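Here is the structure we will look at, set down as structure tokens.
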Amino acid sequence: MVAASLVTIPTFAAAQDTSTGTLTVTATVVSSIGLTFENDAAGVALTGAGTNAATMALGAISAYNTIAAPGVTRTVSASDFTVSSPFAVKVVKANTSSATYTLAAALGSADSTNTWRINATALTIGNQNLGGSYGYGSPVSHTMYLTVPFTASTGAISKILNFTATAN
């Protein structure tokens, strides 16, 4: 007689290697404000509206020919002409108790021929204060004025206007 036996071989679970660690995360919340240029319904449509780097294309301007760009206004005096267009600046805030901001503007480079203004303020290469108590969150309308003397040469005009908003 042959006896059969069932031999069981015990199986051992392989041990899982583990390791642990901790990551400490630190951060400092700082206050911030952001500035964007916005379209004004009465002005030239800005290329890049809603950003902080927009372009106001006035098109062909002259003292007496038709101004084709919608939103451009012209006035003519005895020695020069001025074109203008409204636009808006919107400043938003985060993590600050500041209730208002100051807005300034400057020419990116000097212009010995033409005169540039925002509202009633003539611009130079140094910051010029446009107002000191603007509220956050809503677009504030401003008007850009470019005055060209009759003695100016014909050709393209391009100027960077730098704006600075500072929390009060």
Side-chain angles (χ1 to χ4, degrees), residues 27-63 65-77 79-168:
T28 302
V29 175
V30 296
S31 61
S32 62
I33 62 175
L35 179 150
T36 58
F37 296 101
E38 306 292 335
N39 288 319
D40 183 296
V44 170
L46 302 176
T47 302
T51 71
N52 67 348
T55 299
M56 178 186 285
L58 301 176
I61 60 171
S62 70
N65 292 334
T66 301
I67 303 286
V72 177
T73 302
R74 173 186 54 212
T75 58
V76 180
S77 74
S79 61
D80 58 35
F81 69 99
T82 300
V83 291
S84 63
S85 183
F87 66 100
V89 174
K90 181 179 176 182
V91 178
V92 294
K93 68 175 184 167
N95 309 102
T96 180
S97 60
S98 168
T100 61
Y101 66 93
T102 298
L103 187 65
L107 297 176
S109 61
D111 188 333
S112 60
T113 304
N114 306 302
T115 304
W116 301 82
R117 287 185 295 133
I118 300 296
N119 306 327
T121 304
L123 299 181
T124 65
I125 58 171
N127 270 340
Q128 303 299 309
N129 189 343
L130 301 178
S133 59
Y134 294 112
Y136 293 101
S138 296
V140 176
S141 185
H142 299 278
T143 301
M144 188 288 310
Y145 296 90
L146 166 60
T147 301
V148 180
F150 289 163
T151 57
S153 299
T154 59
I157 298 173
S158 180
K159 185 64 62 185
I160 293 173
L161 308 181
N162 295 313
F163 286 76
T164 303
T166 304
N168 294 327

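None of the values given here were measured: they were computed from a predicted structure.
- Here the side chains of Phe87 and Ile118 are in contact, with some heavy-atom distance below 4.5 Å.
- Residues Val89 and Leu35 form a side-chain contact, since some pair of their non-hydrogen atoms from C-beta on lies under 4.5 Å apart.
- Once rounded to the nearest 0.5 Å, the distance linking OG1 of Thr143 with CG of Asn119 reads 5.5 Å.
- Considering every non-hydrogen atom in both Asn39 and Ala49, the closest pair reads ND2-CB, 3.6 Å.
- Put simply, CD1 on Ile157 and CG on Asn114 are 4.5 Å apart, with the number rounded to the nearest 0.5 Å.
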Could you walk me through whether Ile67 and Phe81 satisfy the side-chain contact (heavy atoms from CB on, under 4.5 Å) test, starting with their C-alpha distance in whole Å, then the side-chain angles of each, then the deciding distance to 0.1 Å, before giving a yes or no?
CA-CA 12 Å; Ile67 303 286; Phe81 69 99; 5.8 Å; no

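- Judged as a ring pair (Phe, Tyr, Trp, His ring centres under 6.0 Å), the pairs with a partner in residues 28-61 (not counting sequence neighbours) are, in order, Phe37-Phe163.
- Heavy atoms only, all atoms of each residue included: Ser31 and Asn95 are closest at CB-O, 3.1 Å.
- Between the side chains of Asp40 and Ser141, at least one donor N or O sits under 3.5 Å from an acceptor N or O.
- Not counting sequence neighbours, the partners of Asn127 by the side-chain contact (heavy atoms from CB on, under 4.5 Å) test are Ala104, Ala106, Thr164.
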Applying side-chain contact (heavy atoms from CB on, under 4.5 Å), run through Ile61 and Arg74 and close with a yes or a no.
CA-CA 9 Å; Ile61 60 171; Arg74 173 186 54 212; over 6 Å; no

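- Rounding to the nearest 0.5 Å gives a distance of 7.5 Å between CG of Leu107 and CH2 of Trp116.
- The structure places OH of Tyr136 at 5.5 Å from OG1 of Thr96, a figure rounded to the nearest 0.5 Å.
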